[in-house]
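Accompanying notes for the structure given below.
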Amino acid sequence: MQRYILLILGWLAMVLATLGAVLPLLPTTPFLLLAAWCFARSSPRFHHWLLYRSVFGRYLRHWQQHRAMPPGAKSRAIVFILLSFAFSLWMVKILWVRLMLLTILCCLLVFMARLPVVEEEQENR
């Protein structure tokens with residue numbers, strides 16, 4: 001029974017992570033890490049798929065091996081965050097919502113700036 005609960009939770013986390021990749025207020029990373037954790041404990045097949053076949057696999061492998069982002073991923077993530085928040089700020093006309101979005105944007109940018117990046121020579125080891 002525990003295995004099935006973890007599988008369902010893992011797939012739910014994958015759906016939320018995928019949505020979080022395009023929606024500005026829904027985080028991708030926590031759901032992705034939750035999916036990896038659930039699959040590691042319930043299904044070696046799905047865990048392998050997540051690490052080696054999914055769109056997010058490269059980032060998960062880098063995080064597991066180096067506790068850092070792959071080269072180029074940080075700048076792409078920051079650009080995507082800025083674009084999605086710019087669109088949200090353009091669409092929203094309520095002042096307090098705009099202020100909340102700007103606060104969240106600042107927190108995200110500080111978080112992203114602090115994440116380490118794997119250097120090229122370290123990645124090849």
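- No side-chain heavy atom of Pro116 sits under 4.5 Å from any side-chain heavy atom of Met69.
- In this structure, the side chain of His66 does not engage the main chain of His62 through any donor-acceptor pair within 3.5 Å.
- Here ring pair (Phe, Tyr, Trp, His ring centres under 6.0 Å) pairs that include residues 96-115, with residues two or more places apart or in two chains, number zero.
- For the pair Gln64/Leu60, no side-chain contact is recorded, criterion being any heavy-atom separation below 4.5 Å from C-beta on.
- Each of Leu19 and Phe87 belongs to its own hydrophobic cluster when Ile, Leu, Val, Met, Phe, Trp and Tyr are linked at side-chain heavy-atom distances under 4.5 angstrom.
- A donor-acceptor pair under 3.5 Å is absent between the side-chain atoms of Lys74 and the main chain of Val117, judged by distance alone.
- Taking the side chain to side chain donor-acceptor pair (under 3.5 Å) definition, one finds that Arg3 meets it with nothing, sequence neighbours left out.
- What you find for Ala17 and Phe56 is that their closest heavy atoms are O-CZ, 4.3 Å.
- Between Trp11 and Trp49, the ring planes lie tilted relative to each other; the angle falls in the 30° to 60° range.
- By the 4.5 Å heavy-atom criterion applied to side chains, Ile81 and Met112 are counted as neighbours.
- Between Trp63 and Leu115, the closest side-chain pair of non-hydrogen atoms falls below 4.5 Å.
- The minimum heavy-atom distance linking Phe85 with Leu101 is given by the pair CE2-O, 3.5 Å.
- Cluster membership for Leu12 and Val22, using ILVMFWY side-chain heavy atoms within less than 4.5 angstrom, is shared.
- A donor-acceptor contact shorter than 3.5 Å links the side chain of Ser42 to the backbone of Cys38.
- Scanning all heavy atoms of the two residues, the minimum distance from Leu7 to Phe46 falls at CD2-CD1, 3.4 Å.
- The closest side-chain heavy-atom distance from Leu105 to Leu82 is below 4.5 Å.
- To the nearest 0.5 Å, the span separating CG on Leu50 from CZ on Arg45 amounts to 13.5 Å.
- Trp37 and Phe31 are not part of a single hydrophobic cluster, where members link through side-chain heavy atoms under 4.5 Å apart.
- Val15 and Leu9 fall into different hydrophobic clusters, where Ile, Leu, Val, Met, Phe, Trp and Tyr residues are linked whenever their side-chain heavy atoms come under 4.5 Å apart, directly or through other members.
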Show your reasoning for whether side chain to side chain contact (heavy atoms under 4.5 Å, CB included) applies to Thr18 and Leu32. CA-CA 8 Å; Thr18 304; Leu32 196 55; over 6 Å; no
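- In terms of heavy atoms, His47 sits closest to Ala36 at CD2-O, 3.3 Å.
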Begin from the C-alpha positions of Leu108 and Ile78 and carry the test side chain to side chain contact (heavy atoms under 4.5 Å, CB included) through to its verdict. CA-CA 9 Å; Leu108 269 173; Ile78 289 174; over 6 Å; no
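- Here the shortest heavy-atom pairing between Gly10 and Phe39 reads C-CZ, 3.6 Å.
- When all heavy atoms are compared, the tightest approach of Val118 to Ala68 is CG2-CB, 3.5 Å.
- Under the 4.5 Å side-chain heavy-atom criterion for Ile, Leu, Val, Met, Phe, Trp and Tyr, Tyr59 and Leu16 are members of distinct hydrophobic clusters.
- For Arg98 (side chain) and Ile94 (main-chain N/O), no donor-acceptor pair under 3.5 Å exists by modelled atom type.
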